[in-house]
Number of protein chains: 2
Amino acid sequence: MDAKTQALFEARAKIVKAMAHPTRLFIVDQLAGEQEKCVRELTELIGSDMSTVSKHLATLRSAGIVQDEKRGSQVYYRLRVPCVLNFFQCVESVIRSNIELQQQFVG
Amino acid sequence: MDAKTQALFEARAKIVKAMAHPTRLFIVDQLAGEQEKCVRELTELIGSDMSTVSKHLATLRSAGIVQDEKRGSQVYYRLRVPCVLNFFQCVESVIRSNIELQQQFVG
DNA sequence: TGGTCACTTGGCTAAACTACCAAGTGATGG
DNA sequence: CCATCACTTGGTAGTTTAGCCAAGTGACCA
């Protein structure tokens with residue numbers, strides 16, 4: 001794999017890695033349904049420390065998946081690229097396919 | 001986040017995590033173009049130790065993204081769910097969007 | 001049956017990731 | 001102003017991951 005190809009796939013991996021955590025997927029899912037949410041709202045939904053949520057959001061932001069906007073003392077986050085929802089559809093179809101495979105062994 | 005939701009997003013994250021590495025994204029890309037490849041072929045393309053490639057393939061297999069078939073002394077891998085290619089399209093559009101954003105700062 | 005190829009697995013170390021607490025910054029309300 | 005809320009950042013300990021080498025298995029060939 002030459003350096004250029006390497007760089008290309010590292011760039012792609014950065015985006016995918018930013019989604020590779022249950023909490024961050026949950027955040028994306030929430031933002032997909034609700035347009036925007038502030039850190040406190042997300043923190044309440046998730047149930048972990050606000051500092052943890054803030055760092056997850058920073059990860060998503062640095063990958064370009066979400067964008068933030070400060071309004072008053074709150075910071076609102078929203079999805080920057082709607083197609084990330086396709087991720088979910090595909091992930092779900094992998095999961096379904098896995099279940100079907102397992103049922104073949106059972107049946 | 002209740003236990004059920006937690007479990008759902010952990011299952012999804014497992015799939016996404018399996019793709020969250022440049023080498024594994026490269027493998028998926030290769031398998032998308034070529035139907036199937038054996039471990040040796042992939043190892044030559046990637047250029048790292050075969051044991052490393054084998055472990056990456058095991059990660060993808062355990063997530064249900066690829067399937068393997070042993071023929072003779074070789075093991076051939078192929079994509080199990082074609083939609084993973086949508087991942088790339090979306091990832092690319094995030095990257096494009098990031099570039100556009102950066103050009104706003106420059107321009 | 002001995003040697004080689006194709007592959008997987010175990011072991012190990014270095015690096016990356018995660019989550020919490022604690023501390024610091026800004027905006028808001030009394 | 002002072003307290004509080006909303007948020008980010010630094011520090012740190014525990015866990016996970018990645019890569020290589022070495023060793024083991026199975027297929028194939030001479």
Side-chain angles (χ1 to χ4, degrees), chain A residues 1 3 5-7 9-28 30-31 34 36-63 65-78, chain B residues 1 3 5-7 9-28 30-31 34 36-63 65-78:
Chain A
M1 188 151 44
T5 308
Q6 179 77 23
F9 283 91
E10 271 171 16
R12 288 175 175 178
K14 188 190 171 179
I15 315 279
V16 179
K17 275 168 91 162
M19 307 253 274
H21 190 285
T23 299
R24 293 197 291 269
L25 287 177
F26 178 79
I27 290 172
V28 170
Q30 289 298 311
L31 297 182
E34 283 281 337
E36 65 174 24
K37 280 193 184 305
C38 70
V39 183
R40 182 188 47 74
E41 289 172 319
L42 289 167
T43 299
E44 283 168 8
L45 288 168
I46 291 164
S48 52
D49 198 275
M50 183 184 272
S51 70
T52 302
V53 174
S54 177
K55 281 176 184 173
H56 281 308
L57 287 165
T59 301
L60 289 170
R61 174 160 31 87
S62 117
I65 294 168
V66 301
Q67 65 185 144
D68 60 335
E69 185 188 347
K70 184 157 190 171
R71 291 208 297 273
S73 67
Q74 280 115 312
V75 179
Y76 287 90
Y77 282 85
R78 74 178 67 132
Chain B
M1 188 153 42
T5 307
Q6 178 77 23
F9 283 91
E10 272 171 15
R12 288 176 175 178
K14 189 191 170 178
I15 317 277
V16 179
K17 273 168 93 163
M19 307 255 274
H21 189 284
T23 299
R24 295 198 290 270
L25 287 177
F26 178 80
I27 290 172
V28 169
Q30 289 298 310
L31 297 181
E34 284 281 336
E36 65 174 23
K37 280 195 185 304
C38 69
V39 182
R40 182 188 47 75
E41 289 173 316
L42 289 168
T43 299
E44 285 168 7
L45 288 168
I46 292 163
S48 53
D49 198 276
M50 184 184 271
S51 71
T52 301
V53 174
S54 178
K55 280 176 185 175
H56 281 309
L57 286 164
T59 301
L60 288 169
R61 173 160 32 85
S62 120
I65 294 168
V66 303
Q67 67 186 142
D68 60 335
E69 184 187 347
K70 183 158 191 170
R71 291 207 297 274
S73 66
Q74 280 115 316
V75 179
Y76 288 89
Y77 282 85
R78 75 177 68 131

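In what follows, chains carry the letters A, B, and so on, assigned in the order in which the sequence lines appear, proteins first and then strands, with residues in each chain numbered from 1. What you see below is based on every heavy atom in this structure, not just the backbone, and it leaves out hydrogens, waters and symmetry mates.
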Asker: Taking only residues two or more places apart in sequence, or in another chain, which ones meet B/Tyr76 in a ring pair (Phe, Tyr, Trp, His ring centres under 6.0 Å)?
Answerer: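 With neighbours one apart ignored, the set is empty.
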Asker: For A/Val39, is there any backbone N or O sitting under 3.5 Å from a side-chain donor or acceptor partner on A/Thr43?
Answerer: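 At least one qualifying donor-acceptor pair exists.
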Asker: With the threshold set at 4.0 Å, does a side-chain nitrogen-carboxylate oxygen contact exist between A/Glu44 and A/Arg40?
Answerer: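 Salt bridge: yes.
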Asker: Quick one: label B/Tyr76 by what it contacts on the DNA or RNA (base, sugar-phosphate, nothing), any heavy atom closer than 4.0 Å.
Answerer: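 B/Tyr76: no heavy atom of the nucleic acid under 4.0 Å.
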Asker: Which residues within residues 45-54 of chain B lie with some heavy atom under 4.0 Å of an atom in DNA chain D?
Answerer: B/Ser48, B/Asp49, B/Ser51, B/Thr52
Asker: Would you grab the first and last nucleotide of DNA chain C (5' to 3') that comes under 4.0 Å of any non-hydrogen atom in chain B?
Answerer: C/dA6 to C/dG11
Asker: Specify whether A/His21 and A/His56 have parallel, tilted or perpendicular ring planes, treating 30° as the upper limit for parallel and 60° as the lower limit for perpendicular.
Answerer: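 If you compare the ring of A/His21 with that of A/His56, the planes turn out tilted.
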Asker: Measure from CD1 on B/Ile27 to P on D/dA18 and round the result to the nearest Å.
Answerer: 12 Å
Asker: Under 3.5 Å, which protein N or O atoms sit close to an N or O of nucleotides 11-15 of chain D? Give each pair with its distance.
Answerer:
residue	atom	partner	partner atom	Å
D/dG11	O6	A/Lys55	NZ	2.7

Asker: With each end axis built from five pairs of C1' atoms, what bend angle do you get for the helix from C/dT1-D/dA30 to C/dG30-D/dC1? Round to 10°.
Answerer: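 For the helix from C/dT1-D/dA30 to C/dG30-D/dC1, the axes at opposite ends meet at about 20°.
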Asker: Return the 5'-most residue of the pair A/His21, B/Glu41 with respect to DNA chain C, ranking by each residue's nearest nucleotide.
Answerer: B/Glu41
Asker: CG/B/Asp68 to CZ/B/Arg61 distance, rounded to the nearest 0.5 angstrom?
Answerer: 4.5 Å
Asker: For nucleotides 25-30 of chain D, list the nitrogen or oxygen atoms of the protein found under 3.5 Å from its nitrogen or oxygen atoms, one pair per line.
Answerer:
none

